[in-house]
Amino acid sequence: MSLRGVDLGEIPEETARLAHAVFPKGCLVMRVRDVLGPVFSDADFEELFPARGRPVVSPARLALVSVLQFAEGLTDRQAAHAVRSRLDWKYALSLELADTGFDFSVLSEFRARLVDGEAGQLVFDAVLRAAGEAGLVKAGKRQRTDATHVLAATRDLNRLEFVVETLRAALNHVAEEAGDWLVTVSAPEWFDRYSARPEDSRFASRWAARVEHADQCGTDGMTLLKAIWSATSPPALRSLPAVEFLRQTWVQQFHHVEDTVRWRGTKDLPPGLIRLRTPYEPEARTGSKRDLGWSGYKVHLSETCEPDAPHLITHVRTTPAPVNDVLVLEDIHTALAERGLLPDEHLVDAGYVDAEQIHHARRDHGIELVGPVKSTTVKGQATGDIFDNTHFTIDWDQRRAVCPGGQTNVVWREEQSQWGAPVTRIRFAARHCDPCGLRTSCTSSRTGRNLTLRPKTEHDILQQARIEQDTDQWRRRYGHRAGVEGTISQGVQAFGLRRSRYRGLAKTRLQHHFTGAAVNFARIDAWLTGKPLAKTRISPFAALRPAG
């Protein structure tokens, strides 16, 4: 298939006349088209199509259909039917009234091209660019960012269900490829253990019995892997994705103890960023936040938040579930810089903030990062009266630190933390700490007090930030961040943000780009029609709280 350019700039006269007659006050689709224009161009997607072949449906139209589909929560069949039957969609797509549209399967093919070409960002950026040309979004001022969890499209499994289902899935794929060979290596009891889904089985409730079941599953899986890698097995089996997934899972979940396959203890499992969770979505990972745990992904949303313009999403970032928020902030700033939409002030929660990020945001992008920094803590302190780092006088030029008791350090050493960040290690001598009258408020160590400091620039930033965030002025400034919770709520309730429609990180990322564009369509329409922003809910009892 090849691309033949289509001009979406001109709406057919009869389509426009009838649309305005039927919708004299307009509707979301028509208003967005009137304000933003065609939004997409076929030239934006020309790299996704070959130079020769039969003509395809205009990708500019398919991109707009996809965004409208997400805006209204339609299936592919419903979206294709809307193109054929709905007057407002024909108006937005610049179609003649008699146009019969396209088959619904074209939408999934278009998404596949976007995923293969990593071009989902093009769709989101085109909407944002059109909004910028209409004067609805500008660089500078304030933006805010927050993240929420995204559940994978597959069912969540506990560890025992996971290993049993992984082996069952591998057996099914091997049976399809080489059933006659599999019969010769399968033990008769395997058909009782692995014919039914784990959720249809009743596992023992006692932990010891569950471990025994897992050990048996591990032994069976190892027997199958050895048979597949034997000289008598069909070579094609080794390249099956289900077999490779089985091999990786057995490395993560089992180990050999005295030549016996044993289930690993919880402490012996790999970190969440690489730990597999389900054979049907290999890229899903387990994330946790406070007491919440989930399998899937995480999406970060950044938006404008000035009262004189619509609050539009400026960036969407999808990551595996275990990725810490602080690790994506630089990517967010870089992406905003590429679009020319860097804010002057960026409001974020504590998960995005540390001294290094504050420093880099100022130095590299001229952004004031506003968020609560963690307070200083001292190991072993149960009460709040111990001397933290702020009680010590630091002379960076002389490499000297003075404690509250007036003693000077005996060690000043530049090192790296366990995460590879540069730090300064400072130690005070035990001969000074032992007789000190302030010892109980300083340290319980027998070797003297130790300090670990960030580099000077970051240390000063932390000191200043901790002072500022205790002021009423900072709290009022930071209060604007709370509005991003409403954006996440809108994304979840109106656009299905928290449940992945597809399998795999790349397709989930595409879903979120479509969702971000759809949210912007809805918010532009709300702005044009004067729909006020929803107010933060306050319960009747909470409203009675005394002002003091």
Side-chain angles (χ1 to χ4, degrees), residues 149-175 182-229 240-297 320-322 498-500 503:
H149 62 281
V150 178
L151 304 178
T154 55
R155 193 176 74 88
D156 200 10
L157 303 172
N158 61 43
R159 280 189 66 197
L160 181 55
E161 290 175 331
F162 170 50
V163 295
V164 171
E165 183 62 19
T166 297
L167 179 53
R168 195 183 77 88
L171 286 169
N172 285 333
H173 283 81
V174 172
L182 182 58
V183 169
T184 64
V185 300
S186 299
E189 57 268 20
W190 285 14
F191 295 96
D192 294 329
R193 292 176 189 154
Y194 309 116
S195 293
R197 291 179 176 272
E199 60 265 30
D200 297 330
S201 304
R202 181 171 295 180
F203 296 128
S205 58
R206 293 184 301 108
W207 176 249
R210 294 172 73 89
V211 171
E212 183 180 353
H213 192 137
D215 288 345
Q216 182 61 59
C217 180
T219 301
D220 295 343
M222 190 63 67
T223 300
L224 176 63
L225 289 171
K226 288 180 179 179
I228 289 175
W229 260 267
L240 290 178
V243 170
E244 175 58 19
F245 189 89
L246 174 68
R247 186 192 66 79
Q248 294 180 12
T249 299
W250 255 234
V251 170
Q252 293 187 358
Q253 295 289 338
F254 297 95
H255 60 165
H256 280 88
V257 179
E258 298 178 353
D259 296 328
T260 304
V261 179
R262 293 285 185 242
W263 208 19
R264 290 183 183 272
T266 304
K267 294 182 179 180
D268 294 329
L269 293 174
L273 195 58
I274 63 172
R275 191 188 313 164
L276 303 175
R277 289 296 304 156
T278 169
Y280 305 112
E281 191 164 357
E283 293 181 295
R285 297 292 182 267
T286 298
S288 61
K289 186 173 183 179
R290 292 185 286 274
D291 57 349
L292 173 66
W294 75 97
S295 291
Y297 308 96
R498 197 166 280 161
R499 169 69 71 176
S500 179
R503 296 182 183 181

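Heads up: numbering here begins at 1 and tracks the sequence. Atoms considered below: every heavy atom in the structure, side chains included; atoms not considered: hydrogens, waters and symmetry mates.
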Atom [atom1] of [X] and atom [atom2] of [Y]: how far apart are they, to the nearest 0.5 Å?
X      : Y      : atom1 : atom2 : result
Leu157 : Ser295 : CG    : OG    : 8.0 Å
Arg277 : Thr166 : CZ    : OG1   : 10.0 Å
Asp156 : Thr278 : CG    : OG1   : 8.5 Å
Cys217 : Leu160 : SG    : CG    : 7.5 Å
His149 : Leu292 : NE2   : CG    : 5.0 Å
Leu182 : Leu224 : CG    : CG    : 7.0 Å

Side-chain donor/acceptor of [X] to backbone N/O of [Y], under 3.5 Å:
X      : Y      : result
Arg264 : Val251 : yes
Gln252 : Ile274 : yes
Arg285 : Pro322 : no
Arg168 : Tyr194 : no
Arg210 : Ala204 : yes
Arg275 : Pro270 : yes
Arg247 : Leu225 : no
Asp215 : Arg262 : no

Where does the angle between the aromatic ring planes of Phe162 and Phe245 fall among parallel (under 30°), tilted (30 to 60°) and perpendicular (over 60°)?
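If you compare the ring of Phe162 with that of Phe245, the planes turn out perpendicular.
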Do the non-hydrogen side-chain atoms of His213 and Val164 ever get within less than 4.5 Å of each other?
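Result yes, sub-4.5 Å side-chain heavy-atom pair found.
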State, with a plain yes or no, whether a side-chain heavy atom of Trp229 is found less than 4.5 Å away from one of Val243.
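Heavy-atom side-chain distance check passes, below 4.5 Å.
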If you apply the rule side-chain contact (heavy atoms from CB on, under 4.5 Å), what do you find for Gln253 with Leu269, and how did you get there?
CA-CA 7 Å; Gln253 295 289 338; Leu269 293 174; 3.8 Å; yes
Counting heavy atoms not belonging to His173, are there more than 12 under 6.0 Å from its NE2?
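Open: at most 12 neighbouring heavy atoms sit under 6.0 Å from NE2 of His173.
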Is it the case that atom CD in Gln248 sees more than 12 heavy atoms from other parts of the structure closer than 6.0 Å?
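Check passes, neighbour count above 12.
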Heavy-atom pair of closest approach, residues [X] and [Y]:
X      : Y      : value
Ser500 : Ala153 : O-CB, 3.6 Å
Trp294 : Lys289 : CZ3-N, 3.9 Å
Met222 : Trp250 : N-NE1, 3.5 Å

Could you check Arg159 against Thr266 for side-chain contact (heavy atoms from CB on, under 4.5 Å), going step by step and ending with a plain yes or no?
CA-CA 10 Å; Arg159 280 189 66 197; Thr266 304; 4.3 Å; yes
Report the C-alpha distance between Arg155 and Tyr280 in whole Å, list the side-chain angles of each, state the deciding distance to 0.1 Å, and finish with yes or no for side-chain contact (heavy atoms from CB on, under 4.5 Å).
CA-CA 9 Å; Arg155 193 176 74 88; Tyr280 305 112; over 6 Å; no
Can you spot which of Leu246, Asn172, Thr249 makes a side chain to side chain contact (heavy atoms under 4.5 Å, CB included) with Leu167?
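Exactly one option meets the side chain to side chain contact (heavy atoms under 4.5 Å, CB included) with Leu167, and it is Leu246.
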Candidate pair Phe254 and Val163, rule side-chain contact (heavy atoms from CB on, under 4.5 Å), full reasoning:
CA-CA 10 Å; Phe254 297 95; Val163 295; 3.9 Å; yes
Do Glu283 and Tyr297 meet the criterion of a side-chain donor-acceptor pair at a distance under 3.5 Å?
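Absent: no donor and acceptor within the cut-off.
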